[in-house]
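Note sheet for the following structure.
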Amino acid sequence: MSASYESCSFCPQLCRHLCPVAVASGHEAATPAKMMAAVLLAQRGLIPPRDAARAAALCTNCGACQRHCKYGIQVPALLAEARAHFSSPASVAAIAPIQGAGELVAVQCDGRSWAPALAAALGQPVSVLPTEDHLGDALLEHRSRAAPHLAQLQAVLSGRKAVSCCSRCIQVLEAARVPWVRLDALLAPSWDGPVFLCHGELDFPGHPLDRAPTCCGAHGPLASQHPELAADVARAAAAQLPPSPVAAPDAACRNALRAAGAQVLDPIDLLLDTQPHATT
Ligand code: SF4
Ligand code: SF4
């Protein structure tokens with residue numbers, strides 16, 4: 001494992017004010033430097049490995065600390081390396097069989113059934129790949145163990161193209177090297193209001209940038225291993241959004257922000273709105 005975990009110990013740690021988890025939780029242990037320190041202590045045998053794994057799982061992989069670090073410390077990657085070292089692979093569901101015909105495959109991951117609406121919008125059949133665990137994205141933390149799962153996904157999607165607007169699912173599709181396309185790329189643009197973009201990119205016309213949220217907590221291990229803290233991050237982000245509805249190109253962000261009380265739409269909502277009568 002990398003020896004760089006002590007770098008943050010010698011730093012004024014100004015990045016703590018940029019970390020969405022540290023800010024939303026108010027916990028010292030949730031600052032980037034303290035997550036790194038926990039890994040260092042476990043490396044030296046001073047705390048149990050499971051405590052380091054839990055600390056490293058406080059990260060959403062938003063990259064804010066790394067983008068502003070004068071020393072170029074790659075905190076998200078280092079914490080991912082630590083989680084893989086100190087924890088066991090999560091158990092994930094087998095890839096389900098595809099339902100229906102159609103070269104395009106709607107990856108439906110949150111209970112919304114949108115394949116019929118996409119078929120109606122495009123005028124061609126669309127099949128469905130249902131998943132309740134974002135195609136088992138938790139397994140990507142242990143890339144070396146993920147190969148059989150990714151091979152199964154390759155086999156199921158052979159000869160077809162997946163459609164998704166969920167970055168958690170897209171991460172797995174990319175890891176499996178299967179053809180995929182974003183849902184919003186298939187549809188005509190139908191939104192001209194403010195947009196919530198993941199990971200520090202902002203598109204909030206007329207909204208003060210210093211009040212625009214950069215992370216909703218829906219990504220990375222935080223959401224699966226510390227769901228209560230992920231909800232705190234989502235609530236903090238939702239409180240910074242404009243009062244009018246906001247679009248989020250990412251379905252996982254939409255779901256987290258909606259659960260926190262924000263008015264957020266994603267490409268699936270917009271599709272279902274334009275094709276309200278499409279049925280299976
Ligand atoms: S990531 Fe960079 S700025 Fe943040 S504590 Fe570590 S060394 Fe300091
Ligand atoms: S990547 Fe984001 S969530 Fe993770 S430690 Fe850095 S600022 Fe915090």
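All values below were derived from every heavy atom in this structure, side-chain atoms included, with hydrogens, water molecules and symmetry-related copies excluded. Each ligand, and each atom within it, is numbered from 1 in the order the structure gives. In this chain, residues are counted from 1 in sequence order.
Of the protein's non-hydrogen atoms, the one nearest atom 2 (Fe) of ligand 1 is Cys69 SG, 2.3 Å. If you check which protein heavy atom lies closest to atom 4 (Fe) of ligand 1, you get Cys15 SG, 2.3 Å. Closest to atom 6 (Fe) of ligand 2 among all protein heavy atoms lies Cys65 SG, 2.3 Å.
At least one donor-acceptor pair closer than 3.5 Å links the side chain of Thr274 to the backbone N or O of Leu270. In this structure, His226 contributes its side chain and Arg54 its backbone to a donor-acceptor pair below 3.5 Å. The backbone N or O of Ala252 lies less than 3.5 Å from no partner atom in the side chain of Asn255, so there is not a single donor-acceptor pair.
Each of the atoms 1 (S), 2 (Fe) of ligand 2 lies under 4.0 Å from some heavy atom of Gly63. Against a heavy-atom cut-off of under 4.0 Å, Cys11 is close to the following atoms of ligand 1: 3 (S), 5 (S), 7 (S), 8 (Fe). Every atom of ligand 2 with a heavy atom of Thr60 under 4.0 Å away is listed here by number and element: 3 (S), 4 (Fe). Short contacts between ligand 2 and Pro76, defined as distances under 4.0 Å to a heavy atom of the residue, involve ligand atoms 1 (S). Per-residue contacts place Ile73 under 4.0 angstrom from the following atoms of ligand 1 (heavy atoms of the residue considered): 7 (S). Near Val75, meaning under 4.0 Å from any of its heavy atoms, are these atoms of ligand 1: 1 (S). Using a 4.0 Å cut-off to heavy atoms of Tyr71, the atoms of ligand 1 that qualify are 7 (S). Atoms of ligand 1 lying under 4.0 Å from at least one heavy atom of Gln13, given by number and element, are 5 (S).
The NE2 atom of His219 lies 8.5 Å from the OG1 atom of Thr60; values are rounded to the nearest 0.5 Å. From Ser91, atom OG reaches atom CG of Leu139 across 9.5 Å, with rounding to the nearest 0.5 Å. Atom CG of Leu18 and atom SG of Cys62 lie 8.5 Å apart (nearest 0.5 Å). Note that OG of Ser87 is 13.0 Å distant from CZ of Arg50, once rounded to the nearest 0.5 Å.
Both the backbone and the side chain of Cys19 come within contact range of ligand 2, each with a heavy atom under 4.0 Å.
Within a 6.0 Å radius of CD in Glu174, more than 12 heavy atoms belonging to other residues, nucleotides or ligands are found.
A salt bridge links Arg112 with Asp266: the distance from a Lys NZ or Arg NE/NH1/NH2 to an Asp or Glu carboxylate oxygen falls below 4.0 Å. The residues Glu103 and Arg160 are annotated as not salt-bridged, no charged nitrogen and carboxylate oxygen being separated by less than 4.0 angstrom.
Among the atoms of Cys62, an N, O or S atom falls under 2.8 Å of atom 2 (Fe) of ligand 2. At a cut-off of 2.8 Å, Cys59 coordinates atom 4 (Fe) of ligand 2 through an N, O or S atom.
One option in Pro32, Cys215, Ala33, Cys8 has a heavy atom closer to atom 5 (S) of ligand 2 than any other, and that option is Pro32.
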